[in-house]
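For reference, the structure is listed below as structure tokens.
Bear in mind the structure is a predicted one, so any value in this text is a computation, not a measurement.
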Amino acid sequence: MAQHRSKMNVELNAENKTLSIQQEITFFNQSNDSISAIVLNDWNNAYSDKNTPLGKRFSDEFYRGFHLAKEEERGSTTNLTILNEDKLFLSWFRTKNNPDYITVDLRNKLAPNQKVTLYLTYFSKIPSNKFTKYGYAENGDLNLKNWFLTTARYENKTFVKYSNSNLDDIANGICDYTIHFKIPKGLTLTTDLNVAEQTGDKTHSDYLLEGENRTDFSLFIESKSGFKSYYNDLNEVISNISNEKLDEIQKIIIINRIANFTNDFIGIYPHQKIVVSQTNYDRNPFYGLNQLPSFLNPFEEDFLFEIKFLKTYLETYLKNSLHLDPRKDNWIYDALQMDAMIKYIEQYHPDTKMLGKASSYKLLKSYNLANLKFNEQYSYFYMLMARKNLDQTLGSTKTDLIKFNEQIASKYRAGLSIRFLDNYLQNDIVKNSIREFYIKNKAQQTSNTDFENILKSNTNKNIDWFFTTIVNSRELIDYKFSKVSQTKNSVTFSVKNKTEIPIPIPIYGIKKGDIVFKEWLDLKECDSTFTLKRNHADKIILNYRNEVPEYNLRNNWKKLEGFFPNNRPIKFVFMKDLEDPYYNQILYVPSVTYNFYDGISPGLRLHNKTVLDKPFIFDIAPAFSTKSKNVSGNGALIINENYRDSKLFNIRYTLSGAYFHYAPDATYTKISPSIEFRIRETNFRDNRKQGIAIRQVIVNREKSELISTNFGENYSVLNARYFNTKTEITNHISSSSDIQFSKKFGKIAAEIEYRKLFESNRQINLRLFAGTFLYNKSNSDYFSFALDRPTDYLFDYNFYGRSESTGFFSQQYIQAEGGFKSKLNIPFANQWMVTLNGSVNIWNWIELYGDLGLIKNKSKNGHFVYDSGIRLNFVTDYFELYLPIYSNNGLEINQKNYNEKIRFVVTFSPKTLINLFNRKWF
């Protein structure tokens, strides 16, 4: 029996993208509580304002489209009235902070096992689909999602109140639906509800839709339907996922295979129809190589279609079948989906590689990436985040997950974890438990506790560790051998989890690549000793098949023969590869650098940075300077130390060096040991970042005959910096402080930067800089505060012609210190400086900028400085132009050689541009 009933009369106004709705909601109180108010989900109203939780979510993830949207593109719920059974008005309210659910006050308390009926009328304005892919398309087609009011899930004496965060996790109560839907003639309606009746007249089509035991359903209205129906023995599969290179028979075979596999593996689908849409796939695609353009794709077309359909079918299947809290218990959906995907590939495509047919190319044979099986990629995505110290607990609420974890890493880890449990328990215990849990969902709401209890009831083994450690903690699994000894017939070893958490682990005996034994080690203590029959093994390996989602596989094996039991041969790899636990990989990459004095400098970068972060990194990039005809380059040695349960999440120790020309006839050598403390908030979604960096910068400069200095060429500076920044699409604020001590000077500086995108879509940028010398014994301006172009005596900035005072390269602009764009007569301050930089956009990427400042030099009065002009902000920090107009120099636009006054920002580093796109994921 469903918990609630909802009857609706709905009419579509296609021109205005609105639905006129008359609704009758019958709420059944199946709890033991007396209820005085009912909560209704109204997620369509989340689109009504830029400051809703949905709008803030978009801002957090650097999506600008919602903030810039026109009013007619937004969605809303308006003219809402609610009556009770006596046709008396009921009071209701929604809060400003959570406008996407409402609370309806009942006139009388509703006793247990009693029901109440609410009568609602309202208009639902459908939003544009450009925000979430739900809503109306440019051609007028509609993909309707969360478009009507629904009763919220009730459990543990309260209603579940969730706001729309664009995560497809609305927590509705189980409901029976009866809907009379009226649409203009010429449009078609596709849904996974049952179409009980279809009538119409010359102007409209009328559909009678019915569904039982639903928490959600799909509904599409199109001028020409792109959906096709595929029938199997149990239900109807409706899909618009297409592949023009496959014929219908190929699609039917694949779809029937997936449907039958899912019914056998999980359970019989409870509804007559299931809609598998391209929209659902686009919102949660299979991230990986199938995202490549077709001409680069290494997979056959039928396999690509199969993976797409499998992932989307399983996701829809589970969402429509399980009656869990989809936000709080999201990990179970992910675990079952990914477990099924892994088993499907094992059953039907066991030999498929991660790189598909590209794995057979001779050129790629030596790459670990090319030798991995398709299912082995999932652990690398999890380890990618774990090595960055950004992994999160599987049991985290879905809204707490950062985007990469929500869509990729946590999803994959959930599947790997349930697979781990299955391999450990064996005898189909996990599979049978899943089916039992699935059946339980047909009759009632369920929770994580129900799933846990079913698993525990089906085994005699203690699996508390799975829920306390694997699901509900960030504890890492990282086993290694501590002691190993062997005889001809046996091997004795001690195993230790470096994180001191006793978790079962499999051990394999390997003889010339073949498995000669396998045992599961139940570790009662973290450091345990075992003796096993050797069976002629020449190597023992922990977690050989990667059944356990482990943090590090490089310390999992021991040779039982030879003088060097842990030696890994060196393997040179071109460009990039995944980490190979059995080799010491050195990656080599051709590189090209440029500056005015060294010219184009081709080189070879040698490093050990695979896709996964490492505790120790070396990165050396020697190059040949074509202009100066000598060797130049840079390099670094880095040690990373992560802290799992602290705001101080990482300490980085670095020794870096560089050798380049700073003038046509002189080079510099920079050596800098440093330590950086990186701080983050306990809420990983918080975009605030903090850090403290302490370094000693040692500079040795050759004497130049072309550039005169009177302070000597060599110096050393002790530098400490602190930064605190928080960035999202509508607000950015950052602050930093910097203190430097050297033999010749001591100085302190601070900087505050603020950016605000207003609701009028006007953006303002402000930056305040202030710096003063504590002491200054220098006789030149080399260490002074610079107004428009820092001298960069610490060699931090990528100047192409750092010593140029005239010509094109002297016009390069890097925002630092004073931040001015015009070159004024007093460009330095050897005592103190205060400047304010500001800009405001006037159209798209065109901005007006202005700078104000006070500078003070020794034995001189303070001087007021200013400039103004136009900024062409094509790609922030990557390609910008500054066109001066008016400053202390006068009206610059009318002065001679104006082209020499224009300043530019050009960055050739791909990393700078990539960071603009990566920031929403991490």
Q) Would you say Arg605 and Asp619 make side-chain contact, with heavy atoms under 4.5 Å? A) yes

Q) Which atom pair, heavy atoms only, marks the closest approach of Ala770 to Val834? A) CB-CG2, 4.2 Å

Q: Dump the intermediate steps for side-chain hydrogen bond (donor to acceptor under 3.5 Å, both in side chains) on Asp598 and Ser625, then the final yes or no.
A: CA-CA 5 Å; Asp598 289 298; Ser625 302; 3.0 Å; yes

Q: Describe, in one word, how the ring planes of Phe795 and Tyr668 are oriented to each other, choosing from parallel (under 30°), tilted (30 to 60°) and perpendicular (over 60°).
A: parallel

Q: Assess Arg871 against Tyr813: is NZ or CZ under 6.0 Å from the centre of the six-membered ring, and within 45 degrees of the ring's axis?
A: no

Q.
Test: salt bridge (Lys or Arg N to Asp or Glu O under 4.0 Å). Region: residues 729-743. Which pairs qualify, not counting sequence neighbours?
A. Arg721-Asp738

Q) Got more than 12 heavy atoms from elsewhere within 6.0 Å of CD, Glu72? A) yes

**Q.** Flag if over 12 foreign heavy atoms under 6.0 Å of NZ, Lys860
**A.** no

Q: Could you list the residues that satisfy ring pair (Phe, Tyr, Trp, His ring centres under 6.0 Å) with Phe616, not counting sequence neighbours?
A: none

Q: Answer yes or no: is there a donor N or O on one side and an acceptor on the other, between the side chain of Asn798 and the main chain of Thr907, under 3.5 Å?
A: no

Q: Please confirm whether Arg74 makes a cation-pi placement over Phe66, using NZ or CZ under 6.0 Å from the six-membered ring centre and within 45° of the ring normal.
A: yes

Q: Start with the C-alpha distance between Phe828 and Ile855, add both sets of side-chain angles, then the distance that settles side-chain contact (heavy atoms from CB on, under 4.5 Å), and finish with yes or no.
A: CA-CA 8 Å; Phe828 297 104; Ile855 60 175; over 6 Å; no

Q: Work out which heavy atom in Gly599 is nearest to a heavy atom in Thr626; give both atom names and the distance.
A: C-OG1, 4.1 Å

Q.
Set out, in order, the CA-CA distance, both residues' side-chain angles and the distance that settles side-chain contact (heavy atoms from CB on, under 4.5 Å) for Ile733 and Thr725, then state yes or no.
A. CA-CA 6 Å; Ile733 185 166; Thr725 179; over 6 Å; no

(Q) Quick one about Glu676 and Thr654 (side-chain donor to acceptor, distance below 3.5 Å, no hydrogens or angles considered), yes or no? (A) no

Q.
Could you check whether any side-chain heavy atom of Leu787 comes within less than 4.5 Å of a side-chain heavy atom of Thr835, counting everything from C-beta outward?
A. yes

Q | All side-chain contact (heavy atoms from CB on, under 4.5 Å) counterparts of Phe808, not counting sequence neighbours | A | Phe904

**Q.** Distance-minimising heavy-atom pair for Asp792 and Arg802
**A.** OD2-NH1, 2.8 Å

Q) Counting only heavy atoms not in Lys70, do more than 12 fall under 6.0 Å of its NZ? A) no

**Q.** Inter- and intrachain pairs under salt bridge (Lys or Arg N to Asp or Glu O under 4.0 Å), touching residues 764-791, at least two apart
**A.** Glu751-Arg767, Asp788-Arg903

(Q) Please tell me whether Thr52 and Asp49 have a donor and an acceptor in their side chains that are separated by less than 3.5 angstrom. (A) no

Q.
Is any side-chain heavy atom of Asn837 closer than 4.5 Å to one of Phe769?
A. no

Q. Is there side-chain contact between Trp845 and Leu872, with at least one heavy-atom pair below 4.5 Å?
A. yes

**Q.** Min side-chain heavy-atom separation Asn761-Lys50 under 4.5 Å
**A.** yes

Q) What residues, two or more places apart in sequence or in another chain, satisfy salt bridge (charged side-chain N to carboxylate O under 4.0 Å, His left out) together with Arg695? A) Asp796

**Q.** Partner set under side-chain contact (heavy atoms from CB on, under 4.5 Å) for Ala750, not counting sequence neighbours
**A.** none

Q. What pair of heavy atoms forms the shortest contact from Gln895 to Asn889, and how long is it?
A. NE2-O, 2.7 Å

**Q.** Residue pairs passing the salt bridge (Lys or Arg N to Asp or Glu O under 4.0 Å) test where at least one lies in residues 620-634, sequence neighbours excluded
**A.** none

Q: Kindly state each residue pair satisfying side chain to side chain donor-acceptor pair (under 3.5 Å) with at least one member in residues 803-812, sequence neighbours excluded.
A: Tyr597-Glu804, Ser810-Lys823

Q.
Looking at every non-hydrogen atom in both residues, tell me the closest pair between Asp400 and Asn683 and how far apart they are.
A. O-OD1, 4.5 Å

**Q.** Counterpart residues, salt bridge (charged side-chain N to carboxylate O under 4.0 Å, His left out), relative to Glu681 (two or more places apart)
**A.** Lys647

Q) Which class fits the ring pair Phe874 and Phe879: parallel under 30°, tilted 30 to 60°, perpendicular over 60°? A) parallel

Q: Could you go through the side-chain hydrogen bond (donor to acceptor under 3.5 Å, both in side chains) check for Ser735 and Asn724 one step at a time?
A: CA-CA 5 Å; Ser735 62; Asn724 186 329; 5.1 Å; no

Q) Does any non-hydrogen side-chain atom of Gln740 lie less than 4.5 Å from one of Tyr793? A) yes

(Q) Using the ring pair (Phe, Tyr, Trp, His ring centres under 6.0 Å) criterion, which residues pair with Phe660? Sequence neighbours excluded. (A) none

(Q) Using every non-hydrogen atom in the two residues, find where Phe741 and Leu774 come nearest and quote the distance to one decimal. (A) CE2-CD1, 3.8 Å

Q) Will you find, in the side chains of Ser839 and Asn765, an N or O donor that is under 3.5 Å from an N or O acceptor? A) yes

Q. What residues, two or more places apart in sequence or in another chain, satisfy salt bridge (charged side-chain N to carboxylate O under 4.0 Å, His left out) together with Arg685?
A. Glu61

(Q) Restricting to salt bridge (charged side-chain N to carboxylate O under 4.0 Å, His left out), what partner residues turn up for Arg762, sequence neighbours left out? (A) none

Q) Would you say Ser887 and Glu892 make side-chain contact, with heavy atoms under 4.5 Å? A) yes

Q: Take Phe58 and Ile729 through the test side-chain contact (heavy atoms from CB on, under 4.5 Å) and record every step on the way to the result.
A: CA-CA 8 Å; Phe58 285 138; Ile729 204 65; over 6 Å; no

Q: Determine whether Gln690 and Arg688 make a side-chain contact, defined as any pair of heavy atoms from C-beta on separated by less than 4.5 Å.
A: yes

Q) Would Ser163 and Asn98 satisfy side-chain hydrogen bond (donor to acceptor under 3.5 Å, both in side chains), going step by step from the backbone distance to the final call? A) CA-CA 6 Å; Ser163 285; Asn98 302 100; 2.8 Å; yes

(Q) If you take the centroid of each ring, where Trp contributes its six-membered ring, are Phe773 and Phe785 closer together than 6.0 Å? (A) yes

Q) Side chain of Lys130, backbone of Glu73: donor and acceptor closer than 3.5 Å? A) no

Q: Dump the intermediate steps for side-chain contact (heavy atoms from CB on, under 4.5 Å) on Ser716 and Gln696, then the final yes or no.
A: CA-CA 7 Å; Ser716 177; Gln696 186 78 36; 2.5 Å; yes

Q: Check the surroundings of atom CD1 in Ile600: do more than 12 heavy atoms from other residues, nucleotides or ligands lie under 6.0 Å from it?
A: no

Q: Take Asn97 and Thr95 through the test side-chain hydrogen bond (donor to acceptor under 3.5 Å, both in side chains) and record every step on the way to the result.
A: CA-CA 5 Å; Asn97 292 334; Thr95 64; 6.0 Å; no

(Q) A quick test of your reading: do over 12 heavy atoms of other residues, nucleotides or ligands sit less than 6.0 Å from CG of Asn825? (A) no

Q. Would Lys821 count as a cation-pi partner of Tyr849, with NZ or CZ less than 6.0 Å from the six-membered ring centre and within 45° of the ring normal?
A. yes

Q. Would a distance-only check, ignoring hydrogens and angles, find a side-chain to backbone donor-acceptor pair under 3.5 Å from Glu728 to Asn687?
A. no

